[in-house]
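The next block holds one structure in the form of structure tokens; read it before the comments.
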Amino acid sequence: MTPVVRALLIATVGAFFVQQTMPLLANAFVFVPPLALVRPWTIVTYMFLHGGLTHILFNMLALYFFGPRVEDRLGSREFAILYFASGITGAILSTVLSGAALIGASAGVFGVMLAFAYYWPDAPIHIWGIIPVPARMLVIITTVLSLWAGFTGSRSGVAHFAHLGGYAGAFLYLKWLERGRTTFKRKATGAPPARS
């Protein structure tokens, strides 16, 4: 278990306990788009709240399975930025396309899944523990399903656009990391920059 994944699991389970025992307190941490300017912290804190045991279980299992390998690859600092950037872009896209209040770590977890598929696209992911699907295909399938469900209103109560925003935020951050490392490598080796 890597440090940031462990900290996120503990913090999220702790927040879920607070949510169950002190729901009025937990309500102050829900992301509600019309209240975002007066409660700016909620664009991050909503990621620690969940709508029930199944919701938190699936999110934390995905974080547990995908997170450590991604954190090992990126480093703890970059992994934490990836996770929270994915959550923030998830909230922003959901606000623009649906405007619904948000809870759940799904956007951050989807960002971690995208990073896993980005680095290990052919790694088999076993759906329901049985059907092997390449990581890249899992991202494609969940993207198509989220787009379809988001625009048709299917499975209301699920923040499909937040999932897509998590993918988008992770992809942009990974590209930014690659660009920064390439620039650093060019400077270190004295190679001239590429021209467009």
Side-chain angles (χ1 to χ4, degrees), residues 1-71 74-116 142 145-146 149-150 153-173:
M1 181 77 66
T2 49
V4 174
V5 170
R6 182 188 302 112
L8 288 171
L9 289 171
I10 292 169
T12 306
V13 170
F16 185 70
F17 175 77
V18 170
Q19 202 179 346
Q20 301 309 303
T21 55
M22 294 179 276
L24 291 178
L25 175 63
N27 284 342
F29 299 99
V30 175
F31 180 71
V32 182
L35 301 177
L37 292 178
V38 293
R39 293 174 17 180
W41 60 87
T42 59
I43 202 165
V44 171
T45 58
Y46 87 92
M47 299 170 66
F48 294 94
L49 305 177
H50 285 83
L53 195 56
T54 305
H55 190 200
I56 190 172
L57 182 63
F58 278 112
N59 276 335
M60 295 304 97
L61 276 175
L63 181 61
Y64 176 80
F65 285 123
F66 296 112
R69 196 162 170 191
V70 176
E71 185 175 349
L74 292 178
S76 294
R77 179 178 173 274
E78 285 76 15
F79 177 81
I81 293 170
L82 171 89
Y83 185 80
F84 288 110
S86 299
I88 290 167
T89 54
I92 291 168
L93 188 64
S94 182
T95 297
V96 170
L97 295 178
S98 80
L102 285 181
I103 56 172
S106 299
V109 170
F110 268 57
V112 173
M113 286 170 47
L114 185 282
F116 184 93
T142 53
L145 290 175
S146 292
S154 177
R155 291 186 65 197
S156 59
V158 177
H160 299 290
F161 294 121
H163 298 168
L164 294 169
Y167 275 163
F171 181 77
L172 292 172
Y173 181 64

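Here the structure is a predicted model, which is why all the values come from computation and not from measurement.
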Heavy-atom side-chain contact between Tyr46 and Phe29 under 4.5 Å: no

- prompt: For Val109 and Ala62, which heavy atoms make the closest approach, and how far apart are they?
  reply: CG1-CB, 3.5 Å

query: If you take all heavy atoms of Gly51 and Ile103, which pair is closest and at what distance?
result: N-CD1, 3.5 Å

- request: Would you check if Val5 and Leu8 make a side-chain contact, meaning some heavy-atom pair closer than 4.5 Å?
  value: no

task: Nearest 0.5 Å please: distance from the OG atom of Ser106 over to the CD1 atom of Ile56.
output: 11.0 Å

field: Any side-chain heavy-atom pair of Gln19 and Asn27 under 4.5 Å
entry: no

- prompt: Should we say atom CG of Leu25 is surrounded by more than 12 heavy atoms from elsewhere, each under 6.0 Å from it?
  reply: yes

task: For residues Tyr167 and Thr142, determine if any side-chain heavy atom of one lies less than 4.5 Å from a side-chain heavy atom of the other.
output: yes

query: Between CG of Leu82 and CZ of Arg77, what distance do you get to the nearest 0.5 Å?
result: 12.5 Å

message: As a test of understanding, state which of Phe110, Phe79, Phe116 forms a ring-ring contact (aromatic ring centres under 6.0 Å, His included) with Phe66.
response: Phe116

- request: Might you point out which heavy atoms bring Ala107 and Gly90 nearest each other, and give the distance in Å?
  value: CB-CA, 4.0 Å

- request: Kindly assign one of parallel, tilted or perpendicular to the pair Phe84 and Phe48, based on the angle between their ring planes and the thresholds 30° and 60°.
  value: tilted

query: Would Thr95 and Phe161 count as a side chain to side chain contact (heavy atoms under 4.5 Å, CB included) if you check the C-alpha gap in whole Å, the side-chain angles of each, and the deciding distance to 0.1 Å?
result: CA-CA 9 Å; Thr95 297; Phe161 294 121; over 6 Å; no

field: Shortest non-hydrogen contact between Val70 and Ala115, atoms and distance
entry: CG1-CB, 3.7 Å

query: When rounded to the nearest 0.5 angstrom, what is the spacing between OG1 in Thr12 and CG in Leu63?
result: 7.0 Å

Contact summary for Ala159 and Leu102, nearest pair of heavy atoms: CB-CD2, 3.4 Å

message: Tell me the closest heavy-atom pair linking Met47 and Tyr83, and the distance in Å.
response: CE-CE2, 3.4 Å

query: Is the closest side-chain heavy-atom distance between Leu93 and Thr89 below 4.5 Å?
result: no

- prompt: Are side-chain heavy atoms of His160 and Ser94 found at a separation under 4.5 Å?
  reply: no

Ile43 vs Ile92 side-chain heavy atoms within contact, under 4.5 Å: yes

query: Going through the checks in order, is the side chain to side chain contact (heavy atoms under 4.5 Å, CB included) test met by Arg39 and Thr45?
result: CA-CA 10 Å; Arg39 293 174 17 180; Thr45 58; over 6 Å; no

query: Can you tell me how far the OG1 atom of Thr54 sits from the CG atom of Asn59, to the nearest 0.5 Å?
result: 11.0 Å

statement: CD1 of Ile81 to OG of Ser76, rounded to nearest 0.5 Å, is 11.0 Å

message: Just so I know, are the side chains of Thr42 and Val30 near enough to count as touching, which here means a heavy-atom distance under 4.5 Å?
response: no

